[in-house]
Amino acid sequence: MLIDIGLNEKSRELSARALRVLLGETYALYVKTHGYHWNVSGPRFNSLHNMFMTQYTELWTALDEIAERIRALGHFAPGSSSEMLEEATIKPDNGVPDADAMISNLVKGHEAISRAAKIGLKIAEKNEDIVTVDLMTRRADVAEKTAWMLRANL
């Protein structure tokens, strides 16, 4: 069916590609954060366990929003973990880092999401895709605020 939302096919494709990158980074960080929630230990266990749960819950919600925007643009969202992770620069850990390393790794992950969102924002702006601009702006905002809050724990 024809999609007539004020964006041509090429513009929708470029936004969808940028959103796939953001989706991949978000998914990789979601998995990492959830694993840290399960495996954190030490004297700050309770506060970090709860903070990580808040963060992975927010990331899970973001995944749905990003994927639905890809669909609204007329493209299919990745349907498997491997497909989502193809675009991610955030890599999984081998082993279980200590609490400070977990926090540092999550800071870097949120910074990667912010960078991906800002690149996507420029693409969406160039193509006058204001809905994707808004989504990218919100994702960068959340990522940067979360990174700041994590840094405060180091």
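- The side-chain contact (heavy atoms from CB on, under 4.5 Å) test applied to Ala28 returns Leu85, Ala88, Ile90, not counting sequence neighbours.
- Residues forming a side-chain contact (heavy atoms from CB on, under 4.5 Å) with Ser47 (at least two apart in sequence, or on another chain): Arg44.
- The side-chain contact (heavy atoms from CB on, under 4.5 Å) check on Met51 picks up Leu48, Gln55, Leu150, Asn153, with sequence neighbours excluded.
- For residues 21-33, the pairs satisfying salt bridge (charged side-chain N to carboxylate O under 4.0 Å, His left out) are Lys32-Asp93, with sequence neighbours left out.
- Within the structure, salt bridge (charged side-chain N to carboxylate O under 4.0 Å, His left out) pairs that include any residue of residues 74-85 comprise Arg20-Glu83 (at least two apart or interchain).
- The main-chain N or O of Val133 is found under 3.5 Å from a side-chain atom of Thr137 such that the two form a donor-acceptor pair.
- Applying the side-chain hydrogen bond (donor to acceptor under 3.5 Å, both in side chains) criterion to Thr26, with sequence neighbours excluded, gives no partner residue.
- Summarising the local packing, CD1 of Ile130 is surrounded by 12 or fewer heavy atoms from other residues, nucleotides or ligands at distances under 6.0 Å.
- Using a 30° and 60° split on the angle between ring planes, Tyr56 and Tyr30 fall in the perpendicular class, above 60°.
- Side-chain polar atoms of Ser11 and Asn8 form a donor-acceptor pair below 3.5 angstrom.
- The hydrophobic clustering, which links ILVMFWY residues whose side-chain heavy atoms are closer than 4.5 Å, places Leu154 and Leu106 together.
- With sequence neighbours excluded, the residues satisfying ring pair (Phe, Tyr, Trp, His ring centres under 6.0 Å) with Phe45 are His49.
- Once rounded to the nearest 0.5 Å, the distance linking CG of Leu23 with CD1 of Ile66 reads 5.5 Å.
- Between Val40 and Phe52, the closest side-chain pair of non-hydrogen atoms falls below 4.5 Å.
- Every pair passing salt bridge (charged side-chain N to carboxylate O under 4.0 Å, His left out) that includes a residue from residues 141-154 is listed here, sequence neighbours excluded: Glu111-Arg151, Lys118-Glu144.
- For the atom pair CG of Leu121 and OG of Ser15, the computed distance is 10.0 Å after rounding to the nearest 0.5 Å.
- The shortest side-chain heavy-atom distance between Met136 and Leu19 falls under the 4.5 Å cut-off.
- In the hydrophobic clustering, Ile119 connects to Leu14, Ile123, either directly or through intervening members, whenever side-chain heavy atoms lie under 4.5 Å apart.
- Here salt bridge (charged side-chain N to carboxylate O under 4.0 Å, His left out) pairs that include residues 46-68, with residues two or more places apart or in two chains, are Glu58-Arg139, Glu65-Arg138.
- With sequence neighbours left out, Glu128 forms a side-chain hydrogen bond (donor to acceptor under 3.5 Å, both in side chains) with no residue at all.
- A single hydrophobic cluster is seen to contain both Val107 and Leu29, as judged by linkage of ILVMFWY side chains at heavy-atom distances under 4.5 Å, directly or through other members.
- In this structure Glu9 satisfies the side-chain contact (heavy atoms from CB on, under 4.5 Å) test together with Arg12, sequence neighbours excluded.
- The distance from atom CZ of Arg115 to atom CD1 of Ile113, rounded to the nearest 0.5 Å, is 10.0 Å.
- Note: Leu63 CG to Tyr27 OH = 8.0 Å, rounded to the nearest 0.5 Å.
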